[in-house]
Amino acid sequence: MTKPKYKTMGQQFGRRSWAEPWKIKMVEPIKMLTREEREKAILDAGHNTFLLRSEDVYIDLLTDSGTNAMSDRQWAGIMLGDEAYAGSRNFYNLEDAMRDHYGYKYLVPTHQGRGAEHLISQAVIEPGQYVPGNMYFTTTRLHQELAGGTFVDVIVEEAHDPSDLHPFKGNVDLEKLEDLVKREGAEKIAYISLAGTVNMAGGQPVSMANAKALRALGDQYNIRIFLDATRAAENAYFIQQREEGYQDKSVAEILLEFCSYTDGAWMSAKKDHLVNIGGWLAVNDAELFDQLRNLVVVYEGLHTYGGMAGRDMEALAIGIVESVDDHHISSRVEQVQYLGAIMLDWGIPIMQPVGGHAIFLDARSFYPHIPQDQFPAQVLASQLYLDSGIRGMERGIVSAGRDPETGDHRYPKLELTRLAIPRRVYTQSHMDVVVEATKELYDNREQTRGLKMVYEPKQLRFFQGRFESL
Ligand code: P71
C-alpha cells in the first residue's frame with residue numbers, strides 16, 4: 001500500500017481529532033453575492049459593516065452577541081414561556097440557574113447587557129467619582145460616563161501590546177489601581193469594574209489569582225467589585241487550561257469561585273448564555289438590590305421580567321446550564337484557537353495570545369502605510385467584506401470615539417478588526433474560508449488606501465458612522 005497522502009486536521013496538529021459536541025437539526029441557507037454586488041453593498045453602507053444587510057453577508061463574524069445557535073432544549077423552553085406580567089415561573093428558573101452557577105443572592109433581569117450597565121451605573125456612581133477597570137468597553141464606559149463617572153484604565157501594560165504572550169492579559173494592574181486609590185481617596189472610587197475575558201483587549205482572560213488579590217485590595221479600601229460576566233464562562237475555561245491548580249476543576253466550579261471574589265455582576269446573556277436576547281444584573285447586597293429593583297421598573301420592565309418575554313427567560317435559564325458544560329466550552333474556545341493557529345502559522349498579524357470569542361486582526365501591522373486617523377481597522381473590515389462577503393467589526397479609533405474634554409479622537413494603542421465567532425453556528429470549513437480570504441487581503445495589502453469619515457454620530461459613532469475612500 002502506498003503511504004496515505006492526506007492528513008485529517010487533528011493529524012496536522014499532531015493530535016487525535018475532536019468534533020463539535022452537537023449535531024445539526026436545522027440549517028439556514030447562506031449565499032455569496034458577486035463581487036459587483038458586494039461592491040455596491042459596501043458603498044451603500046458607507047464602508048461600515050454595521051450598515052450592511054445581513055442577507056448580503058456570506059459568513060457573519062460581526063459579533064458573537066445574540067448570534068448563537070440555541071439548542072433543541074432551549075427551543076423547547078421557548079414553548080414553556082409563562083407570559084404572565086408578574087411572577088412568571090421562567091423568572092424563578094432563571095434566578096435558580098444564576099444562583100447555581102454564579103452564586104449571587106439577588107437577580108434583576110434586563111433586556112440585554114447595556115440595560116444592566118445603565119442600572120448599576122445609575123445606582124452606584126456619584127458624579128465626579130472614578131471607575132477603574134481592566135480596559136473600557138464601549139457601552140459600559142458610556143453608561144459610567146452618563147452617570148457622571150470617569151473610567152480609568154488599570155489593565156496590565158501587556159494588554160496594550162498585541163504580540164505580548166502573557167497568559168492573563170486581562171489582569172488588573174494592582175499597582176496602577178492602588179496608585180489611583182491613594183491619589184484620589186477611596187471615597188472617590190465608585191467601584192472596580194472587572195471584566196472576564198476582556199473584549200477590547202482581544203478576549204484576554206483574568207487569572208483567579210488576580211481576582212483574589214483584587215478582592216483583598218477591595219476589602220482593604222472598602223471598595224466594591226462588580227464583574228462584567230458577559231464572557232466569564234470562557235474566562236473560567238482559560239483558568240482551567242492555564243492556571244496552576246485548576247486543571248482538575250470543572251468550568252462550573254471555577255466560574256463559581258471567580259464570582260465569589262466579586263460583589264455582583266452584570267451580564268449580556270447574548271454571549272456565553274447562548275440566547276438571542278437577554279441580560280441580567282445580580283448582587284449580594286440587599287439594600288442595593290432594593291434600589292436596583294426600583295430602577296428596573298422605570299427603565300426595563302417589572303422586576304420579574306425586566307424587558308424579556310417569559311420564553312426568553314426560559315431559554316436563558318437553560319442556556320446558563322449549557323454554557324458551563326466542559327465539552328461545550330472547550331469546543332467553542334478551541335474553534336477560535338484553531339482559526340488563530342492557522343493565521344499565525346501563515347504570518348497574518350493578529351492579537352496574541354488568541355482569546356476566547358474572536359480573532360483580532362492587527363490592522364496597524366496589516367496596513368502600516370495607513371495612518372490611524374484614516375481608520376486602518378475600518379478599512380480592513382470593509383476590504384474583507386469586499387473580497388469574500390465576510391463581515392467583521394472595527395475595534396480601533398472609530399470605536400474609541402472622542403475625548404469628551406478635548407473633542408479630539410481618542411487614539412487607542414490597539415487598532416483591531418474583530419472577527420467574532422458565534423457559538424455553535426459555523427463549522428471548521430467556514431473557518432478555513434475565513435483564513436484563506438484574510439491571507440488574500442494580506443498578500444495584496446500595499447495597494448489598499450485609507451478612509452475619511454463623512455458622517456459622525458455623537459454617541460457610539462462606530463454603529464452608524466459613514467466613510468468614503470481616499
Ligand atoms: C459585542 C457586543 C455587542 C456590541 C456592543 C457595542 C458595540 C458593538 C457590539 C456587548 C457587550 C460586551 C461586554 C463585555 C457589555 C456588552 C453590552 N458586546 N459588556 O462584543 O461585549 O451588552 O450588547 O447585550 O447590550 O459584539 P449588550
Side-chain angles (χ1 to χ4, degrees), residues 6-13 17-20 22-24 26-42 45 47 49-50 52-65 67-69 202-203 331-352 354-363 366-367 377-395 416-445 447-448:
Y6 301 111
K7 280 193 171 168
T8 67
M9 197 48 68
Q11 287 166 345
Q12 292 179 42
F13 283 85
S17 291
W18 54 265
E20 292 78 2
W22 36 261
K23 57 184 176 174
I24 296 166
M26 187 189 285
V27 297
E28 180 180 342
I30 49 177
K31 66 175 192 327
M32 167 114 85
L33 303 184
T34 62
R35 170 97 193 181
E36 291 69 46
E37 288 169 328
R38 292 198 301 277
E39 240 160 45
K40 180 171 183 315
I42 197 70
H47 293 277
T49 51
F50 280 103
L52 286 167
R53 287 176 183 234
S54 126
E55 282 199 318
D56 294 342
V57 174
Y58 178 47
I59 299 178
D60 201 349
L61 308 183
L62 182 70
T63 176
D64 63 327
S65 177
T67 53
N68 308 296
S331 100
R332 187 281 183 283
V333 175
E334 295 303 331
Q335 184 184 42
V336 179
Q337 301 296 315
Y338 165 77
L339 178 58
I342 302 184
M343 291 220 180
L344 281 172
D345 190 51
W346 291 6
I348 299 168
I350 63 173
M351 177 95 190
Q352 295 190 64
V354 175
H357 67 302
I359 300 296
F360 289 74
L361 301 171
D362 181 6
F366 221 95
Y367 298 131
Q378 189 79 34
V379 172
L380 186 48
S382 164
Q383 288 293 317
L384 197 57
Y385 174 75
L386 195 60
D387 179 82
S388 43
I390 295 164
R391 170 155 72 170
M393 182 192 291
E394 196 268 1
R395 296 277 80 166
L416 308 168
T417 303
R418 186 183 75 171
L419 306 178
I421 315 299
R423 296 162 190 79
R424 307 193 292 208
V425 171
Y426 292 114
T427 64
Q428 183 166 298
S429 323
H430 291 105
M431 299 301 109
D432 291 345
V433 168
V434 170
V435 69
E436 287 175 27
T438 312
K439 181 71 163 67
E440 181 77 22
L441 286 188
Y442 191 57
D443 290 343
N444 296 302
R445 61 192 180 277
Q447 289 97 298
T448 310

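- Counting only distance, with no hydrogens or angles, the side chain of Tyr385 and the backbone of His47 share no donor-acceptor pair below 3.5 Å.
- Once rounded to the nearest 0.5 Å, the distance linking CD1 of Ile348 with CD of Glu440 reads 10.5 Å.
- Contact check for Val425 versus Thr67: no side-chain heavy atoms found under the 4.5 Å cut-off.
- Judged by distance alone, with hydrogens and angles left aside, the side-chain atoms of Ser382 form no donor-acceptor pair with the main-chain N or O of Gln378 at under 3.5 Å.
- Atom OH of Tyr338 and atom CD of Gln428 lie 4.0 Å apart (nearest 0.5 Å).
- In this structure a side-chain-to-backbone donor-acceptor pair under 3.5 Å is present from Arg332 to Ile421.
- One distance of note links OG1 of Thr448 with CG of Leu386; it measures 9.5 Å at 0.5 Å rounding.
- Arg424 contributes a side-chain N or O that, together with a main-chain N or O of Ala69, makes up a donor-acceptor pair within less than 3.5 Å.
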Practice problem: Quick one: do Glu39 and Arg35 satisfy salt bridge (charged side-chain N to carboxylate O under 4.0 Å, His left out)? Show the steps, please. | Solution: CA-CA 6 Å; Glu39 240 160 45; Arg35 170 97 193 181; 3.5 Å; yes
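- Taking the side chain as every heavy atom from C-beta outward, Gln383 and Phe366 never approach each other to under 4.5 Å.
- The structure places CD1 of Ile59 at 12.5 Å from CZ of Arg391, a figure rounded to the nearest 0.5 Å.
- Proximity of Asp432 to Ile342: side-chain heavy atoms (C-beta onward) are separated by under 4.5 Å at one or more points.
- Between Tyr58 and Val433, the closest side-chain pair of non-hydrogen atoms falls below 4.5 Å.
- Interatomic distance, Leu384 CG to Thr417 OG1, rounded to the nearest 0.5 Å: 8.0 Å.
- If you take CG on Leu361 and OH on Tyr442, they are separated by 11.0 Å, rounding to the nearest 0.5 Å.
- A 4.5 Å side-chain heavy-atom check between Gln352 and Val354 finds every atom pair outside the cut-off.
- In this structure, the side chain of Arg38 engages the main chain of Leu33 through a donor-acceptor pair within 3.5 Å.
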